[in-house]
Amino acid sequence: MQVDVDVLVIGAGACGLAAAIAAHDAGASVAIVEKQERPGGNSSLSTGSVPAAGTRFQREAGIADSVERFTADLMRTGGPTDCPDLVRRLAATSAQTVEWLADAVGARIVLITAYKHVGHSVPRLHAPASRRGQDLVDDLLAAVEKRGIPLAVGNGVRDLISDSNGAVIGAEIETGNGERQRILARKVILAVNGFAGNRDLVARFCPEISGAQYFGSRGSTGEAVLWGERLGAALGNIGAYQGYAAVSDPHGSLLSWTTIEKGGIIVNGAGRRFGDESAGYSGYTPNVMAQHGHCFAIFDQEIFNVTAAEEEFLELANYGGVKKADTPAALAALHGLDAAAVTASVDDYNKAARGERPDAFGRKDFALAPLTGTLYICRVVPGLFHTQGGLMVDDDARVLRADGRPIANLFAGGGAAAGLSGRTGAGGYASGNGLLSAIGLGRLAGLAAAREIKNETAA
Ligand SMILES: Cc1cc2nc3c(=O)[nH]c(=O)nc-3n(C[C@H](O)[C@H](O)[C@H](O)COP(=O)(O)OP(=O)(O)OC[C@H]3O[C@@H](n4cnc5c(N)ncnc54)[C@H](O)[C@@H]3O)c2cc1C
């Protein structure tokens, strides 16, 4: 077959860029097509945190961690899953992934020791010092450019091309000027993320979060699922998603979950708490959703000071997204909330934090609480960030049919593939599951695609 390129990567987020770099470095010719005018996708919007166990960064920081411990954390947090092998595989290769990011890609990442975040029993998130996914994407893009890998933005893939045996042999692309063009490739890597931007698919697979505002990139419109279903691919963990319980409103940026993890609370429009916030930023999303209106995060000066180390939080505070007052009643007045209800909520919570009585909602981790001194408040709404279900893949990111056989030449990673966060709902999301799948599986897909080509050429 006459081909235009060895490996065609569809999508230029973290997964696609990682896949392209890995395939190129393993000897394949590679091209990337991206439907948006800018590369980066959701990866640019993320905090760029990638979890990994047993890295040299952890050793240098004196943190003992292991693949077994990481796997156990993911399994415990995620609950029942359609792909336990994938969880093990990505945990087992996580240190390689992060060290590859630092060494081969040249990504400027550091180990975050200030917090562990949801689902992790030791500090293992590696991220840009700024905690901005855009910095990680910029480093990946610089590595793509340095290698001379062509990247065509504004070129959305409209369909995959298969031969009469069902093997994928390329893709049909709509170019920026509306023309259709076929690109033939030996291997195709789907790095198009999930379907959080496709209302119909969210309603079909994740009805619990249907109707929530979508805060991710517009490109996540579910083509992997739509094309995959047509080609006979199996879907896995399709009801799982990552939500965020505290998107600042009306600013639309994230209120850092550090404010809650370090002891803050969330009250509803009636000024009352409604659950155990330590479920985490994703796990708590359905609780906030069920309030059917604005909610309010409340924390104190000590928590503010800790969180102020995060640039995005400081920006939000500087733009007036976080207001302060000296008493719960004065805090309530800033948003027209019932003063007595907010005062009672803070007082009751503080009693639990001081160990004077059990928390009404079973919260056990109070970190820096009780809440004292100057108090802060931020109006929040729940958001849908990305979906965690997708195409079932094997250990090398090959897309699988329902009978377990791979669809020849087709690979998937990141949000296009079945995720690590359990079968359904928001509670299974451990911090960094999205980017571990994106970069970990993307790299494995690139390596496997290049390896297959070598073997086929040698045969
Ligand atoms: C606000 C926010 C914060 C987050 N924070 C974190 C975090 O700290 N850690 C973490 O692990 N995860 C986080 N996530 C999730 C994480 O961003 C995603 O899981 C991850 O970026 C997915 O990477 P990806 O490469 O699969 O998708 P993306 O980065 O979205 O890239 C997919 C690309 O494919 C393109 N595309 C789609 N369809 C087509 C098509 N038909 N043709 C061509 N191109 C196409 C899209 O335009 C997009 O550019 C966060 C998400 C959000 C929204």
Side-chain angles (χ1 to χ4, degrees), residues 8-20 32-52 90 94 112 117-119 125-128 131-134 136-137 140-141 151-160 171-175 183 188-198 213-227 240-244 246-247 252-254 256-257 281-282 312 383-388 390 412-417 419-421 429-442 445:
L8 177 65
V9 177
I10 308 177
C15 178
L17 298 172
I32 312 169
V33 286
E34 163 59 51
K35 79 174 165 194
Q36 302 280 88
E37 292 306 321
R38 287 182 50 167
N42 263 15
S43 305
S44 291
L45 306 175
S46 77
T47 59
S49 309
V50 190
L90 286 177
S94 61
I112 303 173
H117 266 353
V118 182
L125 294 179
H126 301 70
R131 314 281 198 273
R132 286 179 195 274
Q134 184 64 55
L136 183 58
V137 167
L140 285 159
L141 282 170
L151 161 56
V153 295
N155 279 260
V157 169
R158 293 293 163 241
D159 217 340
L160 300 178
E172 188 175 279
I173 291 158
E174 189 171 327
T175 61
I183 296 187
V188 173
I189 299 179
L190 292 178
V192 295
N193 208 349
F195 53 87
N198 180 325
Q213 290 187 51
Y214 171 50
F215 281 93
S217 107
R218 279 190 296 124
S220 306
T221 42
E223 285 92 323
V225 167
L226 298 170
W227 297 332
Y241 65 92
Q242 185 198 5
Y244 198 83
V247 179
S253 63
L254 310 191
S256 167
W257 197 250
Y281 54 76
S282 183
E312 198 175 351
L384 169 60
F385 277 180
H386 64 121
T387 49
Q388 280 281 291
L420 308 174
S421 309
Y429 188 81
S431 293
N433 275 2
L435 283 175
L436 177 61
S437 168
I439 298 173
L441 259 185

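Computed from a predicted model, the values in this text were never measured in an experiment. If you read the sequence from its start, that first residue is 1, and numbering goes on from there. Order of appearance sets the numbers: ligands from 1, and atoms from 1 within every ligand.
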Under 3.5 Å between some N or O of ligand 1 and some N or O of [X]?
X    : answer
G156 : no
T47  : yes
Q388 : no
R38  : no
S46  : no

I'd like to check [X] versus [Y] (side-chain heavy atoms, cut-off strictly below 4.5 Å). Are they in contact?
X    : Y    : result
V192 : V157 : no
S94  : L436 : yes
F385 : N42  : no

Proximal ligand 1 atoms for [X], defined as those under 4.0 Å from one of its heavy atoms:
X    : value
Q36  : 47 (O)
Q242 : 14 (N), 15 (C), 50 (C)
L45  : 1 (C), 2 (C), 3 (C)
N433 : 11 (O)
S49  : 8 (O), 9 (N), 10 (C), 11 (O)
I10  : 42 (N), 43 (C)
G40  : 29 (O)
V33  : 43 (C), 44 (N)

Which heavy atom of the protein is the closest neighbour of [atom], given with residue, atom name and distance?
atom                    : answer
atom 32 (C) of ligand 1 : A191 O, 3.2 Å
atom 37 (C) of ligand 1 : G219 O, 3.2 Å
atom 42 (N) of ligand 1 : V157 N, 2.9 Å
atom 26 (O) of ligand 1 : G415 N, 3.0 Å
atom 31 (O) of ligand 1 : G13 CA, 3.3 Å
atom 15 (C) of ligand 1 : H386 NE2, 3.4 Å

#### Entry: Heavy-atom nearest option to atom 23 (O) of ligand 1, drawn from G390, G216, S43, G414
S43
### Message
Which option wins on minimum heavy-atom distance to atom 44 (N) of ligand 1: K35, R131, E37?
### Response
K35
### Query
Is it the side chain (CB and beyond), the backbone, both or neither of A438 that lies under 4.0 Å from ligand 1, heavy atoms counted?
side chain
### Query
Using heavy atoms and a threshold below 4.0 Å, how should the contact between E34 and ligand 1 be classified: side chain, backbone, both, or neither?
both
### Task
May I ask whether W227 has any heavy atom positioned less than 4.0 angstrom from an atom of ligand 1?
yes
### Message
Check contact between Y429 and ligand 1, using heavy atoms of the residue and a distance below 4.0 angstrom.
### Response
yes
Give me the atom names and distance for the closest heavy-atom approach of [X] to [Y].
X    : Y    : result
P39  : S44  : O-OG, 4.1 Å
I189 : A19  : CD1-CB, 3.9 Å
N433 : L420 : ND2-O, 3.6 Å
S220 : N193 : OG-ND2, 3.3 Å
V188 : L160 : CG1-CD2, 4.2 Å

